There are 2 protein chains.
Amino acid sequence: MAAGTASSKAQTIADEVRRRIVEGQWRQGDRIPDEADLAIEFDAARATVNKALQLLANDGLLDRRRKAGTRVTVDPVRKASFTISIVREQVEQAGMAYSYRVVAQRESPVPDEIAARVGLAQGEVLVRMRAIHYADGQPFQLEDRWLNLHATPALAGVDLRQLNANEWLVRNAPYLRAEMAFSAENADYRDARLLETRPGRALLVLYRSTWNDLGPITTVRVAFQPGHIVGTEGNFWSGLHHRSRMPRANARQSP
Amino acid sequence: MAAGTASSKAQTIADEVRRRIVEGQWRQGDRIPDEADLAIEFDAARATVNKALQLLANDGLLDRRRKAGTRVTVDPVRKASFTISIVREQVEQAGMAYSYRVVAQRESPVPDEIAARVGLAQGEVLVRMRAIHYADGQPFQLEDRWLNLHATPALAGVDLRQLNANEWLVRNAPYLRAEMAFSAENADYRDARLLETRPGRALLVLYRSTWNDLGPITTVRVAFQPGHIVGTEGNFWSGLHHRSRMPRANARQSP
DNA sequence: GGAATTTCTATGTCTAGACTTATTCTGGTT
DNA sequence: AACCAGAATAAGTCTAGACATAGAAATTCC
């Protein structure tokens, strides 16, 4: 019956507060005791209680305002976080052979749409490259990337045809800001050909742009193999395992 | 040249450390000075430096291990976080009229696939409901939901046909654990009819399941209107604005 | 040489106390 | 009733110091 896993004191307090909320002892909109009182109840320093409550507030479960106190959030706006790893590692971790092929690469002026997306002047010349990532020889994802050499001077000397841009950037060009968006698109002829599927198939598409203090580094459209799923809980849990549809059985666990 | 926005001291330290990493002063894999040294350099208490570095570690930029020290992460596995708000608010915030319609609702045994997904015994009886959310009369998203009354006894007394389950749950049934996944699917006939589009259109689909300590609360498949985009930076920034394709011009800003 | 043990160090966490700051509340003034 | 000033309060942050703990490095022992 007792929970068990002894973690930090702050975490323990956070868990207990969360429990009280989940079990309805403290209801949505209620004001909960202030830090000082909780500190007494849990026999902890106020700073520790503060840390615990901040954890829950970051989780969106609590609403804290100076002087007004801490309340249980009425409309918990919850956050879900996805981790983006390096494609090659993702594939290799699934025990499959990774390969990579650059399909096209050349300098060209940015289309207005892209320029607007990343905040560049119209007509600026960027490097555009299209590449495919394979898992066990099957196309796994297709990337269509615009690279801004001005933000990453070091890249200029590199032979992009040889190199995995994704990987190079991740390792050598830390960014300050990133934006991502998911959408779904019907595969066009080019998508279909490169991903070895039929035009019209629904593809999960990820747009990602990154900036450093010199400006936009890169913006990329990543189209995944049909059926691919991107989920929380640490990683992509790819359609890598034999293209199944909605696998994933998962055990419930106590936190 | 100077940054400016005076925030907390910990944040300032974090920003400076981040800057050094981004500008290459501390490179991937490098060990950075330890907390005590940084505390001296920044004239701060060690606890403050600790907080700053933990911020960056949570961001995936630093790798910290006891005794081994703090190093700049070699393969920054970056996290992107999406916020999930209540549909109605999302729609209304875009200045559009919200409406909601329950299409079907009945009790039925869970299919094995769903049971496995949420960790229920096969054949358990859940409530299944299908509903549509409209923005200005246009179908905006379609939800296909399984509800477990055992985990939310309070729901039993409620008239589901009247109620927006999404909203009721968010407000009254806090969860302990959630899982989400995105995928893309071609609209089938039912999807197409309900979303008033053509079969085959690529739909962004979100699967979400939640648990509390009594077990699974609900699992839902949400299919968005074609062209819908879900992005970081706070909110879904819906295809609500007139169904455009990839709008969103955004200004760069200094943090 | 290799394994087991000890030492030592950098981070993890907590504490008590102080100060800061955003807001609410209160009471007084027009 | 509307407005404004000041008091009160709860969270936000920082500090100095302490102890805990993981794990690397050095040492001892076989």
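All values derive from a computational prediction rather than experimental measurement. Atom set for the values below is all heavy atoms of this structure, side chains included, hydrogens, waters and symmetry mates excluded. Just so we're on the same page: letters track the sequence lines, and every chain starts at 1.
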d(CD, B:Gln54; P, C:dC14) in whole Å: 11 Å

- prompt: Would B:Phe82 and A:Phe182 count as a close aromatic pair, with their ring centres under 6.0 Å?
  reply: yes

message: Taking the nucleotide of DNA chain C with the nearest heavy atom to each, does A:Arg66 or B:Asn50 sit closer to the 5' end?
response: B:Asn50

message: From CG of A:Leu38 over to P of C:dT15, roughly how many Å is that when rounded to an integer?
response: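 About 13 Å, once rounded to whole Å.
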
task: Identify whether any heavy atom of A:Ala10 sits under 4.0 Å from a base atom; if not, whether one sits that close to sugar-phosphate; answer base, sugar-phosphate or nothing.
output: sugar-phosphate

message: Nearest to the side chain of B:Ala45, heavy atoms from C-beta on, is which of D:dT15, D:dG12, C:dC14?
response: D:dT15

query: To the nearest angstrom, how far is B:Arg64 atom CZ from D:dG23 atom P?
result: 14 Å

Atom-pair distance (CZ on A:Arg65; P on D:dA8), nearest Å: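 To the nearest whole Å, that distance equals 21 Å.
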
- request: Starting at atom CD of B:Glu35, determine the distance to atom C1' of D:dC19, rounded to an integer number of angstrom.
  value: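 Those two atoms, CD and C1', are 15 Å apart.
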
field: base_contact_polar (D:dT13 base, A:Arg46 side chain, donor-acceptor, <3.5 Å)
entry: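 When only heavy-atom distances are counted, A:Arg46 does reach the base of D:dT13 through a donor-acceptor pair under 3.5 Å.
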
message: For A:Thr70 and A:Ala47, find the nucleotide of DNA chain D closest to each by heavy atoms; which residue's nucleotide sits nearer the 5' end?
response: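 Closer to the 5' end of DNA chain D: A:Thr70.
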
message: One thing to verify: whether A:Arg20 and A:Glu41 come together as a salt bridge, which I'm taking to mean a side-chain N less than 4.0 angstrom from a carboxylate O.
response: yes

query: What distance separates A:Ser99 OG from A:His133 NE2, expressed to the nearest 0.5 Å?
result: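 Taking OG in A:Ser99 and NE2 in A:His133, the distance rounds to 10.0 Å.
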
- request: Identify whether any heavy atom of A:Asp37 sits under 4.0 Å from a base atom; if not, whether one sits that close to sugar-phosphate; answer base, sugar-phosphate or nothing.
  value: nothing

message: Using a 4.0 Å heavy-atom cut-off, does B:Arg71 contact any base of the nucleic acid, only the sugar-phosphate backbone, or nothing at all?
response: nothing

- prompt: So what does B:Ala44 hit on the nucleic acid, given a heavy-atom distance under 4.0 Å: a base, only sugar-phosphate, or nothing?
  reply: sugar-phosphate

- prompt: To the side chain of A:Ala68, which of C:dA10, D:dA11, C:dT24 is closest?
  reply: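 Selected nucleotide: C:dT24.
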
- request: Would you indicate, yes or no, if C:dT13 has its OP1 or OP2 atom less than 4.0 angstrom from a side-chain nitrogen or oxygen of A:Thr48?
  value: no

5'-most by nearest nucleotide on DNA chain C - A:Lys67 or A:Lys51: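 On the 5' side of the pair lies A:Lys51.
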
message: To the nearest 0.5 Å, what is the distance between CD1 on A:Ile13 and CZ on A:Arg18?
response: 14.0 Å

- prompt: Expressed in angstrom and rounded to an integer, what is the separation of B:Asn58 atom CG from C:dG12 atom P?
  reply: 10 Å

query: Under 4.0 angstrom, heavy atoms only, what part of the nucleic acid is A:Asp63 near: base, sugar-phosphate, or nothing?
result: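 No contact at all - A:Asp63 keeps every heavy atom at 4.0 Å or more from the nucleic acid.
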
message: Which label fits B:Phe140 and B:His228: parallel for a plane angle under 30°, tilted from 30 to 60°, or perpendicular past 60°?
response: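 Taking B:His228 first and then B:Phe140, their aromatic rings stand perpendicular (interplane angle over 60°).
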
message: Tell me the interatomic distance from B:Asp34, atom CG, to C:dT9, atom C1', rounded to whole angstroms.
response: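 Taking CG of B:Asp34 and C1' of C:dT9, I get 9 Å after rounding.
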
query: What's the CD-C1' distance between B:Gln11 and D:dG12, to the nearest Å?
result: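 It works out to 13 Å between those atoms.
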
